[in-house]
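From a predicted model like this one, the values you see are computed outputs, not experimental measurements.
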Amino acid sequence: YRFCPNAVDPDRLWIWEKARYVDENRRTWLPIIIKTENNFQVLMRQEDVTLGEALSPTQLMPCPLPLMWQLYPGRRYRGSDSSIWRVVYHIELRGMEDMLLEQLPPLE
């Protein structure tokens with residue numbers, strides 16, 4: 001694999017259907033949840049997959065991840081549920097990108 005220091009993190013990721021997100025360039029990202037006692041992370045894998053019909057938020061509930069992420073300064077994402085996630089890394093392997101996001105504790 002190679003690190004992508006110049007890789008452009010997506011500005012936004014919207015949930016399209018269960019376990020499929022789409023960015024502003026209509027690239028698809030597949031989430032893999034990694035939950036431990038102390039951490040909540042999600043590996044977002046950019047992989048071209050066929051999309052079905054977009055689902056409404058009520059059709060997607062319950063969903064353990066935000067329905068949308070928006071990129072903020074400092075390589076942080078804010079979820080539609082007000083959660084904050086930091087980009088741990090963004091790598092490329094054989095033309096596929098992996099971006100690991102880690103949820104930060106809520107601000108007091």
Is the backbone of [Y] close enough, under 3.5 Å, to the side chain of [X] for a donor and an acceptor to pair up by distance?
{"X": "K18", "Y": "C63", "result": "no"}
{"X": "N39", "Y": "Q41", "result": "no"}
{"X": "S80", "Y": "L67", "result": "yes"}
{"X": "T28", "Y": "V22", "result": "no"}

TODO: Quick one: sort the W69 and Y77 rings into parallel, tilted or perpendicular, breaks at 30° and 60°.
DONE: perpendicular

Gap separating the [atom1] atom of [X] from the [atom2] atom of [Y], nearest 0.5 angstrom:
{"X": "D81", "Y": "M68", "atom1": "CG", "atom2": "CE", "value": "10.0 Å"}
{"X": "W29", "Y": "L13", "atom1": "CH2", "atom2": "CG", "value": "7.0 Å"}
{"X": "D11", "Y": "Q70", "atom1": "CG", "atom2": "CD", "value": "8.0 Å"}
{"X": "W85", "Y": "M44", "atom1": "CH2", "atom2": "CE", "value": "9.5 Å"}
{"X": "Y89", "Y": "L100", "atom1": "OH", "atom2": "CG", "value": "4.5 Å"}

Atom of [X], atom of [Y] and distance for their closest heavy-atom approach:
{"X": "M96", "Y": "Q46", "result": "CG-O, 3.7 Å"}
{"X": "P66", "Y": "Y21", "result": "O-OH, 2.6 Å"}
{"X": "Q59", "Y": "S56", "result": "OE1-N, 2.7 Å"}
{"X": "A19", "Y": "L30", "result": "O-CD2, 3.6 Å"}

Task: With sequence neighbours excluded, residues passing salt bridge (Lys or Arg N to Asp or Glu O under 4.0 Å) with E102 - done: R86

Task: All salt bridge (Lys or Arg N to Asp or Glu O under 4.0 Å) counterparts of E17, not counting sequence neighbours - done: R20

Task: Sidechain N-carboxylate O distance under 4.0 Å for R27, E47 - done: no

Task: side-chain contact (heavy atoms from CB on, under 4.5 Å) assessment of R75 paired with D9 - done: CA-CA 8 Å; R75 297 193 79 197; D9 300 325; 2.9 Å; yes

Please tell me if the side chains of [X] and [Y] come closer than 4.5 Å, counting only heavy atoms from C-beta onward.
{"X": "V87", "Y": "M99", "result": "yes"}
{"X": "V42", "Y": "I34", "result": "no"}
{"X": "I33", "Y": "L65", "result": "yes"}
{"X": "E24", "Y": "W14", "result": "yes"}

Open item on the list: With no hydrogens and no angle check, just 3.5 Å: does a side-chain donor-acceptor pair link H90 and D98?
Closed with: no

Open item on the list: When you group the ILVMFWY residues by side-chain heavy-atom contacts below 4.5 Å and let the links chain together, are I91 and V88 in the same group?
Closed with: yes

- [ ] Please assess N38 against T36 for the test side-chain hydrogen bond (donor to acceptor under 3.5 Å, both in side chains), listing each intermediate value before the final yes or no.
- [x] CA-CA 5 Å; N38 300 322; T36 64; 5.9 Å; no

Open item on the list: Is there a salt bridge (Lys or Arg N to Asp or Glu O under 4.0 Å) between D23 and R12? Walk through the geometry before answering.
Closed with: CA-CA 6 Å; D23 68 17; R12 288 185 185 84; over 6 Å; no

